[in-house]
Amino acid sequence: MLDIKRIRNNPDEVKKAIELKKENSNIDEFLKIDEKRREILKELESLKNTRNKESENIAKLKKEGKDAEELIKEMKEISDKIKEMESEVKQYDEKLEELLWTIPNIPHESVPVGDSDADNVEIRRWGEVREFDFEVKPHWDIGVELGLLDFEAASRVTGSRFTFYKGLGCRLERALINFMMDLHTEKHGYTEVFPPFMVHRRSMFGTGQLPKFEEDAFKVAGTDYFLIPTAEVPVTNMYRETIIDGEKLPIYNCAYSACFRQEAGSAGRDTRGLIRQHQFNKVELVKITEPEKSYEELEKMVSDAEDVLKALGIPYRVVSICTGDLGFTAAKKYDLEVWMPSYGRYVEISSCSNCEDFQARRANIKYRPKDGGKAQYVHTLNGSGVAVGRTFAAILENYQQKDGSVVVPEALRTYMRCDVIRK
RNA sequence: GGAGAGAUGGCUGAGUGGUCGAAAGCGCUCGCCUCGAAAGCGAGUGGGCGGAUUCCCGCCUCGUGAGUUCGAAUCUCACUCUCUCCGCCA
């Protein structure tokens, strides 16, 4: 959510940002309604002022034992008029809110301008892409053949885009979660949080999943709860409606959670394998910072996520997401993409975003500066550290061997208690 | 699921129809005191919106929403949440 004053004072900046983001929001209509609202508000407030003053007079008159009937009659009329105007203002408020909720965040000046993911800018690469002297298999074949994954059983039990993990597959999934959580808590200074996997509507709203993207979320029937699409939602909303002591910033939290997504609009894409599931595991990093520090913290967060891939020895690249591909809440976003041999290209495994105060406004998260000044909005950041299912897939593909077995990356061996996964 | 209690500013907690946006305490900021600190003393200190933007003025805000009234933190209704006890269940 943007500051209304920012829209009012710099409408062109906002319009341009929306255009760059390939969104459409009607700023002109917003401004028109905003102006009308204020016009009425001015009149309404002066009426209320009269009522307040005269009510005081009535109290005085009554105390002195004098007759106030005349004045009371007058005020009754004013009160009726006030009610009328209040409902009018309310109508304008509702329209403004509706518009405001759907205006996206404004890209940071350092974000590359572009139309689509084709215009994203590669920042750096790490790791050697392995040369295979045999025909590489996709991870879903490797996983099924080694008895680690069972997509068929899942479709019998639930439906498409779900899977069973089995045996060492389960252990590998757990190993990845534990390895990532240990790395972030012990080496990167994050505090571990285990969140609810369901949240109410206001939390979904706070982090920007609602109202625009309701069709992407799973709603629990008969309740007002949504299954979380990412731990970003509960872990950021942990601080909703609060004022944080400035001494406590920056806050670094990390959380493992299952994530649930409808994947509306991607029917037919990535139908096989672990890449696009309705339910997947993820380790999420969330930071709450002072506004001045958030961009510095974003760079550090990206590097924290990179450390996971470096430790696992999976080749990756870092991409700066262009304006047209940015998403609704982010002011700036980096993706980490891992090399997937069967795809012959890099595939997204992490997104790290600085939302600046966009979510903080929606969720009403403020901090009290150390010098004791006025409370102001924090900046919120979130990033995958990293998507577990996709990491699972990347390991299977990058560490596969000619005989169909998969070498366990060194960093995972204490967790896996084996060097190789074979039939 | 049944019964009850409660929701007030950063925190604790008074306040049951008329200068109450709200006592008191804590915390915080500034000043005095001090070599310095603590203690002590003094002053200040919620948020949102609108208007003038050097001082400032107005409106709203006591869980949320409606209602009664000239006037609501205070009365009525609905809802949400928290706590206690009982029942049931991982």
Side-chain angles (χ1 to χ4, degrees), chain A residues 1-10 30-101 194 196-206 210 220 222-226 234 237-249 251 288 290 357-378:
Chain A
M1 181 174 134
L2 297 180
D3 186 354
I4 287 190
K5 284 176 193 150
R6 189 169 178 185
I7 304 174
R8 207 179 276 150
N9 298 334
N10 310 298
F30 182 91
L31 292 171
K32 219 173 80 191
I33 296 171
D34 178 55
E35 200 174 321
K36 237 175 172 171
R37 187 192 83 103
R38 277 183 298 165
E39 227 170 77
I40 300 167
L41 197 61
K42 239 160 117 177
E43 201 184 327
L44 175 63
E45 287 189 355
S46 102
L47 278 180
K48 282 186 171 176
N49 183 231
T50 310
R51 184 183 66 183
N52 291 345
K53 287 216 169 109
E54 295 302 328
S55 284
E56 245 170 72
N57 282 334
I58 290 169
K60 254 185 226 155
L61 286 173
K62 287 207 162 175
K63 229 178 213 168
E64 291 164 13
K66 290 180 185 162
D67 177 47
E69 283 311 307
E70 185 83 4
L71 206 46
I72 287 177
K73 217 170 123 188
E74 246 176 79
M75 287 312 105
K76 202 167 183 149
E77 275 172 40
I78 287 194
S79 252
D80 287 343
K81 178 82 181 155
I82 285 174
K83 262 177 208 165
E84 247 174 70
M85 293 183 73
E86 269 180 338
S87 77
E88 204 177 337
V89 169
K90 200 177 164 187
Q91 278 183 353
Y92 284 116
D93 278 343
E94 279 166 9
K95 269 189 211 161
L96 281 179
E97 277 188 354
E98 231 170 87
L99 287 169
L100 193 58
W101 301 149
F194 187 78
F197 289 4
M198 294 182 209
V199 296
H200 58 48
R201 179 170 286 276
R202 283 160 292 147
S203 288
M204 290 289 277
F205 184 88
L210 294 183
V220 180
T223 72
D224 192 36
Y225 297 152
F226 291 83
N237 277 286
M238 254 176 107
Y239 305 95
R240 60 178 296 109
E241 317 283 342
T242 61
I243 298 174
I244 302 166
D245 180 358
E247 298 282 349
K248 299 208 168 101
L249 298 181
I251 292 171
I288 312 279
E290 296 167 280
D357 64 4
F358 190 82
Q359 293 178 326
R361 282 177 191 283
R362 293 181 151 237
N364 195 16
I365 308 171
K366 296 187 173 177
Y367 77 104
R368 182 146 338 255
K370 291 172 195 151
D371 62 14
K374 274 186 74 165
Q376 52 180 302
Y377 291 113
V378 298

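All of these numbers come straight from a predicted model, not from anything done at the bench.
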Counting any heavy atom closer than 4.0 Å, what does [X] reach on the DNA or RNA strands: base, sugar-phosphate only, or nothing?
{"X": "A:Arg37", "answer": "sugar-phosphate"}
{"X": "A:Asn52", "answer": "sugar-phosphate"}
{"X": "A:Lys83", "answer": "sugar-phosphate"}
{"X": "A:Lys366", "answer": "sugar-phosphate"}
{"X": "A:Arg202", "answer": "nothing"}

* Please tell me which of the listed nucleotides, B:C70, B:G47, B:C59, lies nearest to the side chain of A:Lys48? =>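 Taking heavy atoms from C-beta onward, the closest nucleotide is B:C59.
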
* Structure fact -> Picking from B:G10, B:G65, B:C49, the nucleotide nearest the side-chain atoms of A:Lys90 would be B:G65

May I have the distance from [X] (atom [atom1]) to [N] (atom [atom2]), rounded to whole angstrom?
{"X": "A:Ile58", "N": "B:C70", "atom1": "CD1", "atom2": "C1'", "result": "4 Å"}
{"X": "A:Asp224", "N": "B:C79", "atom1": "CG", "atom2": "P", "result": "16 Å"}
{"X": "A:Lys76", "N": "B:C70", "atom1": "NZ", "atom2": "C1'", "result": "8 Å"}
{"X": "A:Glu241", "N": "B:G63", "atom1": "CD", "atom2": "P", "result": "14 Å"}

* Could you tell me the separation between the NE2 atom of A:His200 and the CZ atom of A:Phe205, rounded to the nearest 0.5 Å? => 12.5 Å

* **A:Lys76 and A:Asp80 ion-paired at < 4.0 Å** =>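 No, this pair does not count.
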
* Does A:Glu86 pair with A:Lys48 as a salt bridge, N-O distance under 4.0 Å? -> yes

* Asked: Using atom P of each nucleotide, how far apart are B:C11 and B:A7 to the nearest Å?
  ->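 B:C11 and B:A7 have their P atoms separated by 15 Å.
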
* Base-pairing string, 5' to 3', of RNA chain B - Watson-Crick or wobble, under 3.5 Å, | interstrand -> ((((((((.[[[..)..(.....]]]((((((.......))))))((((((....)))))).[[[[[..)....]]]]])))))))....

* For A:Lys53 and A:Tyr377, take the nucleotide of RNA chain B holding the closest heavy atom to each; which residue's nucleotide lies nearer the 5' end? ->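 Mapping each residue to its closest nucleotide by heavy atoms, the 5'-most match is A:Tyr377.
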
Using a cut-off of 6.0 Å, state whether more than 12 heavy atoms not belonging to [X] lie near its atom [atom1].
{"X": "A:Tyr225", "atom1": "OH", "result": "no"}
{"X": "A:Glu43", "atom1": "CD", "result": "no"}
{"X": "A:Glu98", "atom1": "CD", "result": "no"}

Using a cut-off of strictly less than 4.0 Å, decide whether [X] has a side-chain nitrogen or oxygen near OP1 or OP2 of [N].
{"X": "A:Asn49", "N": "B:G58", "value": "no"}
{"X": "A:Arg51", "N": "B:C60", "value": "yes"}
{"X": "A:Arg38", "N": "B:C49", "value": "no"}
{"X": "A:Ser79", "N": "B:G71", "value": "yes"}
{"X": "A:Lys42", "N": "B:G50", "value": "no"}

* Asked: Can you find a heavy atom in the side chain of A:Trp101 that is under 4.5 Å from one in the side chain of A:Leu210?
  -> no

